[in-house]
There are 2 protein chains.
Amino acid sequence: MAGRRQGGVTMHDVAAIAGVSIKTVSNVINGYPYIRPETKERVEAAIEQLGYRVNITARNLRQGRTGMIGLAVPELSLPYFAELADSVIRAAEPHGVVVLIEQTNAIRERELEVLTSARRHLTDGLIFSPLALGAEDRERFVVDYPMVLLGERIFHGPADHVTMSNVEAARAATRHLVESGRTRIAVIGAHEGETIGTAALRVQGYRQALEDAGLPFDPALLAEAGAWHRSTGAAAMHRLLDAGTEIDAVFGLNDALALGALRALHARGVAVPEDVAVLGFDDVDDAAYASPPLTSVAPGREQIARTAVELLLARVAGTAEGEPVEVYADFELVVRESTAGVHAPARA
Amino acid sequence: MAGRRQGGVTMHDVAAIAGVSIKTVSNVINGYPYIRPETKERVEAAIEQLGYRVNITARNLRQGRTGMIGLAVPELSLPYFAELADSVIRAAEPHGVVVLIEQTNAIRERELEVLTSARRHLTDGLIFSPLALGAEDRERFVVDYPMVLLGERIFHGPADHVTMSNVEAARAATRHLVESGRTRIAVIGAHEGETIGTAALRVQGYRQALEDAGLPFDPALLAEAGAWHRSTGAAAMHRLLDAGTEIDAVFGLNDALALGALRALHARGVAVPEDVAVLGFDDVDDAAYASPPLTSVAPGREQIARTAVELLLARVAGTAEGEPVEVYADFELVVRESTAGVHAPARA
DNA sequence: TTGTATGCGTTATCAC
DNA sequence: GTGATAACGCATACAA
């Protein structure tokens, strides 16, 4: 018995029972309009009786499409990507498309493998959020299937790209801190020497905002954090405090970092927002429930997901052709308690 | 050009270039040992030259297996399920199996749809964590494909089942609170009138622990929360505080509820753990980074994922037959600051 | 060691 | 309106 699973009942069986040809069964299933009602009923009865379900694999082979798209992200344990995956699945649903999720763990080899895997033949297209590959790998992204890139690793690449205005968003976030009287704003999550990627763009926005306000830029306020997790955010915050650097605000380059910093500040008895304001980026669900609730930049996740799915499916359908497009999703600064109040300048 | 994507190069093309038959190409790809080295080289060269990749859909149709399993969960935005999905994907990987995630949003119709969808033909089996369906739907779970159930909605059902000892775990958690001197322990997330499901089991463990300690059970300490989100946890906590119920500990039936309660306590100026201890369930990543860090029950997520995948694949391969099995994963109480210190009884 | 031929379960192209 | 029949791309029994 260990062989015949999944019913094994085919269109032929249905056709035999209904006393019609296999083509007619197919017609009924696919909603072909010109069928005599009684024929249709007979077929439907047979389908019901046998518990028949179409074999999608066979249909896929025949049609050359699978109704699946791939989504490659670092890992679902990271709330941002879990929420992104949620949004992508929801966005694909109305199109009758399901999502195959692949985790790369931000490992270079795995990201390369995603691009060339035989699985690419199993999906109609790929939404890819690389974290390890970058501009220097540009030619690896030249592929023969529809792809939409997310994030800040590749710009003007060979594929459609959905991203957000990181520089502008970070600038607006920093401006918000400046406007509430903060002058010694630390940044957690910097990647030294990097000129491309999320960190670099957000630091750039931060510096622009300082410049806008006529505030000096102090490198001592930049704290490194390779992986953007809470633990690294907390560690970086501790380092800043240990170094005795004067600080009245912290800009975590993502929420995990900011929440980690929040935790460290709390542990050290630093009051938030009274002594130090904290601001994050991504507006994950957690942000609203931190103590105090975390001010954060909402990157328009739903919009990013929807846009990515639509761009991808348009390429799949062949309705979109030509040059890759670049879409910037809208962002919004969500102000909460962690940056509340007007601060008296550190040095009067 | 909007038609021929994905190369469209087949084994026939490779065979033609290599000057061999399609069978030989197939042999090379599938690692058939008895091939003359020079033949193999020629084939590999042709594959390289044409950029050929096997069409998995065709292979699937031929072999009657897809190398995919389905994972149906409420939603990935809930950290517990995001982390579970992560673990399932990782557990499937060494078996060369990928995971198709479907979200049910805990909606009854969608959970039923998962069971009967044509997509079931696309996966070799299903790992299903229902939240809306229950024991009364037992016969809906009688299906003709391999399935492993997760959670606490169905016991002794028609499919393999991986779960945890909710009663024991809740009992151990409550005992921990009792042992640190707490006597007025509120529970957040109860589902009134429910006798089955996660909430009922955990409340049962809570009551057992009270009984063990000779403490009375006070219904006023049970706070309802339909959906187990932070917002509902916070709301329930506020209701308890508003009601003036005397409380020196809170047991959130999951971490989201506990974190919401933590937030509410903080907002009301109640000190944790000094005035009120807080304890959660699931040990999601957030728990360790709350303020204060949240004591929680770790439900053995990795073990659950691994066991589920292995059970499922054994059924798929036909190496496991016979009656459904029921596996209880190990749990562990992770004690953190939110329950620290020994509390002086509320009433001396 | 390699080639030929058949079928997996659909959909599509024609006839009828 | 409906029915034969040929693909879709691969794996495999059977030959050679």
Side-chain angles (χ1 to χ4, degrees), chain A residues 3-44 46-47 50-68 118-124, chain B residues 3-44 46-47 50-67 118-124 145:
Chain A
R4 261 326 38 88
R5 263 182 310 272
Q6 299 254 10
V9 27
T10 79
M11 274 192 177
H12 284 99
D13 305 325
V14 175
I17 297 260
V20 298
S21 89
I22 162 183
K23 174 67 202 303
T24 302
V25 178
S26 176
N27 282 342
V28 169
I29 286 173
N30 295 295
Y32 181 74
Y34 308 112
I35 312 175
R36 218 184 302 148
E38 65 178 64
T39 315
K40 189 175 170 190
E41 272 170 32
R42 264 209 327 272
V43 171
E44 281 167 345
I47 289 176
L50 294 174
Y52 167 79
R53 290 192 311 262
V54 306
N55 182 327
I56 306 199
T57 302
R59 172 184 287 175
N60 288 347
L61 175 59
R62 180 58 232 232
Q63 301 197 326
R65 312 231 260 105
T66 65
M68 300 177 51
R119 273 192 297 289
R120 290 287 68 76
H121 231 27
L122 196 58
T123 57
D124 295 332
Chain B
R4 264 322 42 88
R5 262 184 311 273
Q6 298 254 8
V9 27
T10 80
M11 274 192 177
H12 284 98
D13 304 325
V14 175
I17 297 261
V20 298
S21 88
I22 166 180
K23 170 72 201 300
T24 303
V25 178
S26 177
N27 282 343
V28 169
I29 287 173
N30 295 296
Y32 182 72
Y34 309 113
I35 311 175
R36 217 183 302 148
E38 66 180 59
T39 316
K40 188 175 172 191
E41 272 169 33
R42 264 211 326 273
V43 171
E44 281 167 344
I47 289 176
L50 294 173
Y52 168 79
R53 291 194 308 263
V54 301
N55 182 327
I56 306 198
T57 301
R59 172 184 287 176
N60 288 346
L61 176 59
R62 176 64 228 239
Q63 301 197 328
R65 311 233 259 106
T66 64
R119 273 192 297 288
R120 291 288 67 77
H121 231 40
L122 196 59
T123 57
D124 295 333
Y145 50 84

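Just so it is clear, the model here is predicted, and its values are computed rather than measured. Each chain gets a letter, A, B and so on, in the order the sequences are listed, and its residues count up from 1.
- The phosphate of dG3(D) (OP1 or OP2) has a side-chain N or O of Thr24(A) nearer than 4.0 angstrom.
- Interatomic distance, CG of Leu122(B) versus CG of Asn60(A), reported as 6.5 Å (0.5 Å rounding).
- Judged by a 6.0 Å distance limit and a 45° cone about the ring axis, Lys40(A) is not positioned over the six-membered ring of Tyr32(A).
- A distance of 9.5 Å separates CG of Asn55(B) from CE of Met11(B), quoted to the nearest 0.5 Å.
- Put simply, OG on Ser26(B) and CZ on Arg62(B) are 9.5 Å apart, with the number rounded to the nearest 0.5 Å.
- Nucleotide dC8(D) holds its P atom 20 Å from the CD1 atom of Ile56(B), rounded to whole Å.
- To the nearest 0.5 Å, atom OG1 of residue Thr66(B) and atom CD1 of residue Ile56(B) are 10.0 Å apart.
- In this structure, the CZ atom of Arg65(B) is 16 Å from the C1' atom of dT12(D), given to the nearest Å.
- Considering every non-hydrogen atom in both His121(B) and Thr57(A), the closest pair reads O-OG1, 4.0 Å.
- For the pair Tyr52(B) and Thr10(B), the tightest heavy-atom approach, listed with the atom from each and the gap, is CE1-C, 3.6 Å.
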Encode nucleotides 8-16 of chain C as B, S and - characters from 5' to 3', where the letter depends on protein heavy atoms closer than 4.0 Å: B to the base, S only to sugar-phosphate, - to neither. BBBBBB---
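- Contact annotation for Thr57(B): no contact, since no heavy-atom pair falls under 4.0 Å across all strands.
- Under a 3.5 Å cut-off, the side chain of Arg42(B) and the backbone N or O of Ala18(B) do form a donor-acceptor pair.
- Rounded to whole Å, atom P of dC10(D) lies 12 Å from atom CG of Asn60(B).
- A rotation axis mapping the C1' atoms of four pairs onto the next four is fitted at both ends of the helix from dT1(C)-dA16(D) to dC16(C)-dG1(D) over five pairs, and the angle between these axes is 40° to 10 degrees.
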